[in-house]
Amino acid sequence: MSNIPTELKYTRSHEWVRTEDDGTVTVGITDHAQESLGDLVFVELPEPGGVDSEATVAVVESVKAASDIYSPLAGEITEANERLADEPELINQDPYGEGWLFRMRPADEGAVDALLDAAAYTEFAAEE
Amino acid sequence: MSDDTDLRRVPLDALHRELGARMVPFAGYAMPVSYPLGVMKEHLHTRERAGLFDVSHMGQVCLYGADAAGMLESLTTGNIAGLKPGRQRYTLFTDERGGILDDFMVCNAGDHLYLVVNAACKDDDLAHLEAHAGAGVRVESRFDRALLALQGPAAAEVMAELAPDSREMVFMDARPLEVAGVPCFVTRSGYTGEDGFEISVAAEDADTLARRLLAYEAVEPVGLGARDSLRLEAGLCLYGHDMDTTTTPVEAALEWAVSRVRRPGGSREGGYPGADVIAGQLRDGVDRRRVGLRPEGRAPVREGVELQDGDGRGVGRVTSGGFGPSVGAPVAMGYVETGFEAVGSRVTALVRGRGIPVTVAETPFLRPGYRR
C-alpha cells in the first residue's frame, strides 16, 4: 500500500496539496501516482501565472507514457520546482518532499477544504 | 488485476504474479510490463548484466516438407532456400502492394523451418501460410510453447553453465539444446541490441527453466516496458508502429531484408507479393524513409508527433519514441519525406504546441553487443 499522509489534501487526479503558513499551497503527485507511472524521465514544469481549477499545468513523463498534471485549485502559480528539470526521479524518490511540483496562491483560501482528505483519497485510490 | 479475465495466459503467468509483475493486456494476453525493479532499472540491468523476458505471446510455427523453403520464398523477401542448417534470418511477409504484413525470424532447423512471428499477427500469419501450403508442405503452429529471451552481456556465461554447447553458437545461430536438462530450441538472437538467446521450450517445462535462469545473480526478470525501450535504442522496428501494410521494406529502411538473390538480377528474383513495387522502389527510390531521430533536450517525442520543416510544413511523423535510459536522452524513429532523410537533417517536432528541434540520426543509437 502506498503512503498517503493524513495532513495533506488530495485530488481525484492524484495530486496532493499542502497548505503553508503563508497561505500558499504546495502541490505534487501522490506516492500512488508515482508508483503507477513508474520511473519518471521528464517533467514539463508549470509557468508562473493565473490558472483555473483543473487546468492542465504540467506534464510528467515516464519511460513509457506522458501524464498531465492538473491544478487542484484556481489561483496563481508562484513557483515551480526547477530541480525536477534535471532530476525528475526526485518525484519517484520523495513524492511528498523534494519531488514537489509547484507552489500556488489560491484565489479562495477556503477552496482547499473542499478537496479530498486522506481517508477519502485512500478509498478513491483503492477503488480505481 | 481484476479486468484481465478475458485475456489469454502465458505458461509463466503464475511466476510473473509471484515475482510481483504488473500485468497488462497485450495482443490478447496478460503480459508482464514491468517487475518491482521498474522499467528504468530493468532496462539498465539488461545492458549491464542480463534480463529474462517472457515473449511466449509471440507465434512459433514450424514448416515441414520438401517444398517448405520454396513456399516461404513465395511469400517473403528473403533467401530462405539458401539459409544453411542451424542458421536464422530476419525476413518479411509482404502483400501485393509491397506493404509489410509482418516481420519475423526464420531458422533452418534441419528437417523443418522454424518461424517466430509477431503476437498480434500470428493468427493471420498462420492462415496465410496454410492458404499457400500445397501438398508438399505441412504447417504446424506451436503457439502453445513458451518462448524466453535471455539478453545482455552476462547471458552467454549463464547459458554456458546450463548448456555448454551454447558456447559454439554465434549471432543468428540456431539449434536444439538441452538447457538445464530441459529440451529446448535455442537461437543466439533477440530484440534488445545485446548478445543473448531466445529459448523455445514446452509449456510444462517453462517454469522450471525460468526459475533456473532467474537463480543466477546476474539475471533479473524484465518486462515488456523495458523490452520496448531496449529495442528502440537498438534501432529495431516494432510491427504495427514503425511499419505495417502501408509501408514497404524500402520506405521502412528494411531493404537489407530483401535478399540479393530475390532482387532484380538475382538468381531467384521476385516471385513474392509486391515484388514489382519493391523492385521499382529499389531502382527509383521512395518519397519517404524511416529514420532515427534525436530530439534536443530531455522531453520524449512520442509516436504520432508531427515533424515539420523550418517553414512549419509537415514533413513526417514519429512512429516510436521515448526516453532511452542507456542513451540518457530521448530517442525516436519515424518517417520523413525525401530530402530530410540524411543523417544530420534538422526537423521540428511539435509536442504540446511547442517546437522541439530534432536531428535525423544513425541507428542503432548504441553500439550493439552481438557476438558474430
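Given the structure is predicted, the values throughout are model-derived calculations rather than measurements. Here is how names work: the chains are called A, B, and so on, in the same order as the sequence lines, proteins then strands, and each is numbered from 1.
- Neither the backbone nor the side chain of A:Val43 has a heavy atom closer than 4.5 Å to any heavy atom of chain B.
- When the shell of 6.0 Å around CZ of B:Arg49 is examined, it contains more than 12 heavy atoms from other residues, nucleotides or ligands.
- Expressed to the nearest 0.5 Å, how far CG of A:Asp39 lies from NE2 of B:His43 amounts to 11.5 Å.
- Remark: A:Glu54 CD is loosely packed, at most 12 non-hydrogen atoms of other residues, nucleotides or ligands lying under 6.0 Å away.
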Open item on the list: Could you walk me through whether B:Arg352 and A:Thr56 satisfy the side-chain contact (heavy atoms from CB on, under 4.5 Å) test, starting with their C-alpha distance in whole Å, then the side-chain angles of each, then the deciding distance to 0.1 Å, before giving a yes or no?
Closed with: CA-CA 11 Å; B:Arg352 297 184 285 269; A:Thr56 302; over 6 Å; no

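- Taking a cutoff of 4.0 Å between a charged side-chain nitrogen and a carboxylate oxygen, B:Arg298 and A:Glu61 do not qualify as a salt bridge.
- Both the backbone and the side chain of A:Ala66 have a heavy atom closer than 4.5 Å to some heavy atom of chain B.
- Neither the backbone nor the side chain of A:Asn92 comes within contact range of chain B; no heavy atom of the residue lies under 4.5 Å from a heavy atom of that chain.
- In this structure, CZ on B:Arg22 lies 6.0 Å from OG on A:Ser36, to the nearest 0.5 angstrom.
- Annotation for A:Glu7: atom CD counts as buried by contact number, over 12 foreign heavy atoms lying within 6.0 Å.
- Residues B:Phe323 and A:Val63 approach most closely at O-CG1, 4.0 Å, considering heavy atoms.
- Open room surrounds CD on A:Glu123; 12 or fewer heavy atoms of other groups in view lie less than 6.0 Å from it.
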Task: Candidate pair A:Glu89 and B:Met40, rule side-chain contact (heavy atoms from CB on, under 4.5 Å), full reasoning - done: CA-CA 11 Å; A:Glu89 63 274 14; B:Met40 181 84 81; over 6 Å; no

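- The environment of CD in A:Glu47 is sparse: at most 12 heavy-atom neighbours from other residues, nucleotides or ligands sit within 6.0 Å.
- Crowding of A:Gln93 atom CD: a count of heavy atoms from other residues, nucleotides or ligands under 6.0 Å exceeding 12.
- Of the two parts of A:Ser62, only the backbone, made up of N, CA, C and O, holds a non-hydrogen atom closer than 4.5 Å to a non-hydrogen atom of chain B.
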